[in-house]
*Asks:* 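Take a look at this one; I'll ask things after.
Atom set for the values below is all heavy atoms of this structure, side chains included, hydrogens, waters and symmetry mates excluded. All of these numbers come straight from a predicted model, not from anything done at the bench.
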Amino acid sequence: MAEQAETLRRTPLSRDRVLRAAVALADGAGIESLSMRNLAQDLGVVPMALYKHVANKDELLDGMIDVVVGEIDPPVPDAGWKHTIRSRILSARQVLRRHPWAPLAIETRSMATPAVLAYLDSMVGTFRAGGFSANLAHHVMHAMGSRILGFSQELFDASRQAGRSGATEPEPPAALPPEVAARFPHLAEISTAASHDDASVVGQGCDDQFEFEFALDLLLDGIERLQQQDWTSSRRPR
């Protein structure tokens with residue numbers, strides 16, 4: 001192991017090596033641990049050596065996002081639009097679960113990175129090749145939102161912040177306190193409507209993976225119906 005680490009440290013520095021080391025650092029210690037100094041220490045170089053490959057931390061983060069997005073499975077030829085979209089989104093979700101800092105990084109960039117743009121473009125291309133009009137594809141991308149990149153912004157998921165700091169699995173949500181349940185009976189009702197038994201891998205509370213796939217399938221089924229109806233927003237009720 002020591003010999004492998006020493007060999008890696010002697011490997012000539014490159015942009016790809018810098019970015020992959022930064023991804024590994026964020027994966028292992030959380031995005032808040034990422035600094036040029038810490039990264040240089042991991043690579044066995046002086047901090048100034050990094051600036052030959054990335055101009056600043058913003059460029060470093062953009063490159064890290066592109067490395068992560070590059071791990072998403074490519075489309076399967078001739079698989080049909082629905083299967084292709086579903087499988088790629090679930091692949092993206094698995095990728096982001098390996099890199100729990102990535103959703104926040106993607107959300108906070110002022111502009112989408114080249115790999116993100118390429119991924120989104122290919123997803124639109126899949127819809128278009130499946131017979132979607134440009135108009136419908138436009139609205140579909142809005143409806144899918146961040147889910148198309150493998151994550152969603154949950155209204156009641158307080159654990160998401162913990163996931164951003166390096167946790168790979170969110171804790172199941174706690175039951176509503178009695179006084180809160182009494183004030184908001186409808187929320188209390190749905191909070192237990194899909195509870196899992198003690199044998200569930202997530203224990204009591206919602207199964208995050210199930211809820212993600214349920215909403216994804218619901219969207220895709222509705223999108224399929226619109227596509228078959230040649231739906232366009234120009235004919236929507238006013």
Side-chain angles (χ1 to χ4, degrees), residues 1-77 84 87-126 146-153 159-170 209 212:
M1 185 67 69
E3 291 180 1
Q4 290 178 346
E6 184 60 28
T7 299
L8 182 62
R9 291 168 76 89
R10 291 179 179 177
T11 303
L13 208 59
S14 66
R15 179 179 173 85
D16 183 69
R17 186 182 166 210
V18 169
L19 295 178
R20 292 186 182 281
V23 168
L25 178 60
D27 288 348
I31 194 67
E32 67 277 1
S33 68
L34 183 66
S35 69
M36 291 300 205
R37 183 176 299 278
N38 289 343
L39 181 57
Q41 184 176 353
D42 279 4
L43 288 165
V45 299
V46 296
M48 286 304 296
L50 301 179
Y51 292 100
K52 296 179 181 179
H53 306 282
V54 289
N56 48 46
K57 191 172 179 181
D58 280 339
E59 186 176 316
L60 177 66
L61 284 168
D62 285 346
M64 291 167 64
I65 290 170
D66 283 355
V67 167
V68 169
V69 173
E71 296 178 14
I72 300 172
D73 290 342
V76 178
T84 298
S87 61
R88 294 198 79 198
I89 288 176
L90 291 179
S91 172
R93 179 166 171 77
Q94 291 305 310
V95 168
L96 295 190
R97 288 170 74 87
R98 294 197 299 268
H99 308 290
W101 52 270
L104 177 60
I106 291 170
E107 285 179 330
T108 56
R109 307 318 293 152
S110 58
M111 293 185 63
T113 68
V116 170
L117 289 173
Y119 172 76
L120 296 176
D121 185 75
S122 72
M123 295 295 261
V124 175
T126 298
S146 65
R147 194 175 300 274
I148 206 122
L149 282 161
F151 66 98
S152 57
Q153 300 171 1
S159 64
R160 191 156 183 263
Q161 295 293 335
R164 290 171 173 173
S165 64
T168 57
E169 292 289 343
Q209 182 69 20
F212 185 94

*Asks:* For L96 versus P103, what's the shortest heavy-atom pair and its separation?
*Replies:*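 Heavy atoms only, the tightest pair is CD1-CG, 4.0 Å.
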*Asks:* Please name the pair of heavy atoms, one in A92 and one in L149, separated by the smallest distance, quoted to 0.1 Å.
*Replies:* CB-O, 3.5 Å
*Asks:* Quick one: pull up CD in Q41 and CG in N38 and give me the separation to the nearest 0.5 Å.
*Replies:*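 One finds 6.5 Å between CD of Q41 and CG of N38.
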*Asks:* If you define the side chain from C-beta out and look only at heavy atoms, does anything of M111 sit under 4.5 Å from D62?
*Replies:* no
*Asks:* With rounding to the nearest 0.5 angstrom, report the CG to CZ distance, L60 to R15.
*Replies:* 8.5 Å
*Asks:* Are side-chain heavy atoms of I72 and V69 found at a separation under 4.5 Å?
*Replies:*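 The answer is yes; the side chains approach within 4.5 Å.
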*Asks:* Flag the pair Q94 / D73 as yes when at least one side-chain heavy-atom distance between them is below 4.5 Å, and no otherwise.
*Replies:*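 No, their side chains stay 4.5 Å or more apart.
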*Asks:* Within a strict 4.5 Å, meaning less than it, do heavy atoms of the L34 and M64 side chains meet?
*Replies:* yes
*Asks:* Quick check against the 3.5 Å criterion: does S146 have a side-chain atom that pairs as donor or acceptor with the backbone of F151?
*Replies:*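 A pair under 3.5 Å: yes.
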*Asks:* Walk me through whether I65 and R109 qualify under side chain to side chain contact (heavy atoms under 4.5 Å, CB included).
*Replies:* CA-CA 10 Å; I65 290 170; R109 307 318 293 152; 3.4 Å; yes
*Asks:* Looking at residues at least two apart in the chain, or sitting in another chain, which of them share a salt bridge (Lys or Arg N to Asp or Glu O under 4.0 Å) with D66?
*Replies:*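 Partners of D66 under the salt bridge (Lys or Arg N to Asp or Glu O under 4.0 Å) test: none.
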*Asks:* With the side chain counted from C-beta on, respond yes when L50 and L43 share a heavy-atom pair under 4.5 Å apart, and no when they do not.
*Replies:* yes
*Asks:* Can you see whether R88 engages S122 through a side-chain donor-acceptor pair at a distance of less than 3.5 angstrom?
*Replies:*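 Per modelled atom types, R88 and S122 side chains form a pair under 3.5 Å.
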*Asks:* Quick one: are L61 and T108 in side-chain contact, heavy atoms under 4.5 Å?
*Replies:*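 A side-chain contact under 4.5 Å is absent here.
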*Asks:* Quick one: closest heavy-atom pair of D27 and W101, and the distance?
*Replies:*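 Result for this residue pair: OD1-NE1, 2.6 Å.
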*Asks:* Which atom pair, heavy atoms only, marks the closest approach of I148 to Y119?
*Replies:* O-OH, 2.7 Å
*Asks:* Quick one: closest heavy-atom pair of E32 and A29, and the distance?
*Replies:*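 Between these two residues, the closest heavy atoms are OE2-O, 3.4 Å.
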*Asks:* If you compare all heavy atoms of E59 against all heavy atoms of H53, which two are closest, and at what distance to 0.1 Å?
*Replies:* OE2-O, 3.7 Å
*Asks:* Looking at CE of M48 and CE of M36, how far apart are the two atoms once the value is rounded to the nearest 0.5 Å?
*Replies:* 10.0 Å
